[in-house]
Colleague: 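Pasting in a structure now, in structure tokens, and then I'll have a few things to ask.
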Amino acid sequence: MQSLWMLVASLLFAVMGACVKLAADRYSIAEIVFYRSLLGCIGLMLFVRFRRLSLATPVPWVHVRRGAVGTAALSLWFFATTLLPLGTAMTLNYASSLYLAAYVVAAALIGGRHVNWPLATTVLIGFGGVIMVLQPSVNPDQAVAGLAGLASGVLSASAYWHVKELGKLGEPEWRTVFCFTLTGGVLGLAGSLLTGFSAHTVDGAALLLAIGVTATLAQLAMTRAYGAGRTLLTANLQYSAIVFASILGVTLFADRIPLI
């Protein structure tokens, strides 16, 4: 099933989050967004040129909306990731599944369509299970980062809704991801010009390369999952990223998870 691509995307997003946490000691959030997007744009342009495809789209403004919202969500999540345990930051961001389920149910009710209540309920149950197992916590001095993580979840849900819309309009996933990375690159460059660019090191450049590669592949897999798969099933599978991120947090950053 196409929704299973979300498992691939979730693993790659978790690896990307770990790399972002490591790279934050060397680069600003705007720089990470810029380099992540730049590498994605270059890779996808080479792919398009090799396959002799076209980047022209009949729905440019839908791509612009998706790109702007997605970049804002990405920047807030990167910020939260630098200050919170990786599993906690991922949990806050992936509350987007709850918001997306709410969008789906609301749209179905307004349009007079059938609502798959059992599947919609599993989104809530799944998130509740994640909360009980991981018990994510935010200290008072991390309140701003916690709010940024929650806001990234809200904006991510909106971005995923646009991805589903683009899939219905027949836009291929590589074009959707390219337009997103292009928007992110422009906005990241603008932010980097304001904050300034940091000097590169071998380790820093390797982290940026890893972020760019994992992010682009994850976006392609996620776009296919939401574009061609079942929205609520994909939203449920998205929770696996929290498990992957928590394992990486314990392994790389000595994050502590209760025995339960």
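Counting from 1, the numbers follow the sequence of the chain as shown.
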Colleague: With heavy-atom distances below 4.5 Å as the criterion, would you say the side chains of Arg36 and Leu74 are in contact?
Modeller: yes
Colleague: Which residue, Leu187, Thr181, Val186, forms the side-chain contact (heavy atoms from CB on, under 4.5 Å) with Thr183?
Modeller: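 For Thr183, the side-chain contact (heavy atoms from CB on, under 4.5 Å) test succeeds with only one of Leu187, Thr181, Val186, which is Leu187.
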Colleague: Once you measure the plane-to-plane angle for Tyr27 and His200, does it fall in the parallel (<30°), tilted (30-60°) or perpendicular (>60°) bin?
Modeller: tilted
Colleague: Given Pro85, which of Val250, Asp255, Thr91 fulfils the side-chain contact (heavy atoms from CB on, under 4.5 Å) condition?
Modeller: Asp255
Colleague: Side-chain heavy atoms nearer than 4.5 Å, only ILVMFWY residues, links allowed to pass through others: does that put Leu76 and Met16 together?
Modeller: no
Colleague: I'd like to check Phe244 versus Leu86 (side-chain heavy atoms, cut-off strictly below 4.5 Å). Are they in contact?
Modeller: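 No - every pair of side-chain heavy atoms lies 4.5 Å or more apart.
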Colleague: For Ala225 and Ser3, which heavy atoms make the closest approach, and how far apart are they?
Modeller: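 Minimum heavy-atom contact is CB-O, 4.0 Å.
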Colleague: Are Leu248 and Phe253 connected in the hydrophobic side-chain network, where two residues link if heavy atoms are under 4.5 Å apart?
Modeller: yes
Colleague: Between Arg66 and Phe180, is any pair of side-chain heavy atoms under 4.5 Å apart?
Modeller: yes
Colleague: What pair of heavy atoms forms the shortest contact from Ala218 to Ala9, and how long is it?
Modeller: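 Result for this residue pair: O-CB, 3.5 Å.
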Colleague: Give a yes or no on whether the backbone of Arg230 and the side-chain of Thr234 come within a donor-acceptor separation of less than 3.5 Å.
Modeller: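 Present.
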Colleague: Under 4.5 Å between any side-chain heavy atoms of Lys21 and Phe78, yes or no?
Modeller: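 A side-chain contact is absent here, since even the closest heavy-atom pair is not under 4.5 Å.
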Colleague: Between Arg175 and Ser54 (side chain of the first, backbone of the second, donor and acceptor by atom type, cut-off under 3.5 Å), is there such a pair?
Modeller: yes
Colleague: Can you name the closest pair of heavy atoms from Ala72 and Leu155 and give their distance?
Modeller: CB-CD1, 3.8 Å
Colleague: Could you state the interatomic distance from CZ (Phe178) to CD (Glu173), rounded to the nearest 0.5 Å?
Modeller: 15.0 Å
Colleague: Closest approach of Trp77 and Ala89, non-hydrogen atoms and distance?
Modeller: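 Closest pair (atom of Trp77, atom of Ala89, distance): NE1-O, 3.6 Å.
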Colleague: Is it possible for you to say whether Tyr35 and Leu209 belong to one hydrophobic cluster, with membership spreading through side-chain heavy-atom contacts below 4.5 Å?
Modeller: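 Different clusters: Tyr35 never reaches Leu209 through Ile, Leu, Val, Met, Phe, Trp or Tyr contacts under 4.5 Å.
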Colleague: When rounded to the nearest 0.5 angstrom, what is the spacing between CD1 in Ile42 and OG in Ser37?
Modeller: 11.0 Å
Colleague: Taking Thr216 for the side chain and Val213 for the main chain, is one N or O donor matched with an acceptor at less than 3.5 Å?
Modeller: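 Between the backbone of Val213 and the side chain of Thr216 there is no qualifying donor-acceptor contact (under 3.5 Å).
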Colleague: To the nearest 0.5 Å, what is the distance between OG1 on Thr82 and CD1 on Ile29?
Modeller: 4.5 Å
Colleague: Mind checking whether Leu83 and Val144 have side chains closer than 4.5 Å, heavy atoms only?
Modeller: no
Colleague: In this structure, would Trp5 and Leu12 fall into the same cluster of hydrophobic residues linked by side-chain contacts under 4.5 Å?
Modeller: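 Yes.
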Colleague: Hey, is the main chain of Leu220 close enough, under 3.5 Å, to the side chain of Thr223 for a donor-acceptor pair?
Modeller: no
Colleague: Answer whether the closest heavy-atom distance between the side chains of Ser152 and Leu92 falls below 4.5 Å.
Modeller: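 No, their side chains stay 4.5 Å or more apart.
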Colleague: Taking C-beta and beyond as the side chain, do Glu31 and Phe197 meet within less than 4.5 Å on heavy atoms?
Modeller: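 Contact flag for Glu31/Phe197 side chains = yes.
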Colleague: To check you understand the geometry: which heavy-atom pair defines the closest contact between Ala23 and Ile211, and what is its length?
Modeller: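 Nearest pair, atom of Ala23 first, then Ile211: CB-CD1, 4.0 Å.
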Colleague: Write down the atom of Leu208, the atom of Leu39, and the distance for their closest heavy-atom approach.
Modeller: O-CD1, 3.2 Å
Colleague: Are the side chains of Phe50 and Leu46 in touch, meaning some heavy atoms are under 4.5 Å apart?
Modeller: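 Phe50 vs Leu46: side chains apart.
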Colleague: Shared ILVMFWY cluster between Phe34 and Val177, side chains joined below 4.5 angstrom?
Modeller: no
Colleague: Going by distance alone, is a donor N or O of one side chain under 3.5 Å from an acceptor N or O of the other, for Ser10 and Gln238?
Modeller: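 Per modelled atom types, Ser10 and Gln238 side chains form no pair under 3.5 Å.
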Colleague: Quick one: do Ser75 and Phe79 satisfy side-chain contact (heavy atoms from CB on, under 4.5 Å)? Show the steps, please.
Modeller: CA-CA 6 Å; Ser75 301; Phe79 174 72; over 6 Å; no
